[in-house]
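One is the number of the first residue; the rest follow in order along the sequence. Just so you know, these numbers use all the heavy atoms, side chains as well, and skip hydrogens, waters and symmetry mates.
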Amino acid sequence: MQGFLQCFLGLALCLSAVALLPRFARGHDWYPAYCCSGQDCYEIGPEDVEFMGQGYFIKATGEYYPREAVPESPDGKFHRCSVQGKREGRTLCLFAPTPAF
C-alpha cells in the first residue's frame with residue numbers, strides 16, 4: 001500500500017509541475033512550422049516595426065512586408081520569426097495585430 005501511495009504522490013507531483021510550466025514554454029504552439037523551428041520566433045514591440053505605405057518596415061533589418069503578406073497574430077501583438085532567431089537575421093515570418101483602420 002505504501003508503494004502505491006508513493007507512486008500516486010509522485011505522479012500527482014509530476015502532473016502539477018507540468019500544469020505550472022511557464023506560459024512561454026508553450027508559446028511556439030501557434031507559429032506555423034515553416035516559420036519556426038521552436039526557437040526562431042519571438043514577440044517584438046510596436047517600436048520595432050513601422051507601418052509605411054501599405055506595409056510593415058522592420059527597423060532592425062530594413063525589410064519591408066506588404067500588409068497582405070502579414071498574417072494577424074492571435075494575441076494582438078507583433079511577432080517575428082528570423083533565421084536562427086537572431087534579431088539581425090533575415091525575417092522568415094512577421095505577424096501583426098489587427099489593423100485599427
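With sequence neighbours left out, Val49 forms a side-chain contact (heavy atoms from CB on, under 4.5 Å) with Ile44, Tyr56, Phe78. For Lys77, there are no side chain to side chain donor-acceptor pair (under 3.5 Å) partners two or more places apart in sequence or in a different chain. Here Glu50 pairs with nothing under the salt bridge (charged side-chain N to carboxylate O under 4.0 Å, His left out) rule; sequence neighbours left out. Applying the side chain to side chain donor-acceptor pair (under 3.5 Å) criterion to Asp48, with sequence neighbours excluded, gives no partner residue. Residues forming a side chain to side chain donor-acceptor pair (under 3.5 Å) with Glu68 (at least two apart in sequence, or on another chain): none.
Listed by first and then second residue, the salt bridge (charged side-chain N to carboxylate O under 4.0 Å, His left out) pairs that reach into residues 52-63 are Glu63-Arg80, sequence neighbours excluded. Sequence neighbours left out, not one pair with a member in residues 82-97 passes salt bridge (charged side-chain N to carboxylate O under 4.0 Å, His left out). For residues 55-95, the pairs satisfying disulfide (SG to SG under 2.5 Å) are Cys35-Cys93, Cys41-Cys81, with sequence neighbours left out.
The shortest side-chain heavy-atom distance between Pro74 and Phe95 does not fall under the 4.5 Å cut-off.
The two residues Val70 and Leu94 have their closest heavy-atom pair at CG1-O, 3.3 Å. Here the shortest heavy-atom pairing between Gly76 and Pro97 reads O-CB, 3.2 Å.
As a member of the Ile/Leu/Val/Met/Phe/Trp/Tyr network built from side-chain separations under 4.5 Å, Tyr64 groups with Met52, Phe57.
For the atom pair OH (Tyr31) and CG (Asp40), the distance works out to 10.5 Å, reported to the nearest 0.5 Å.
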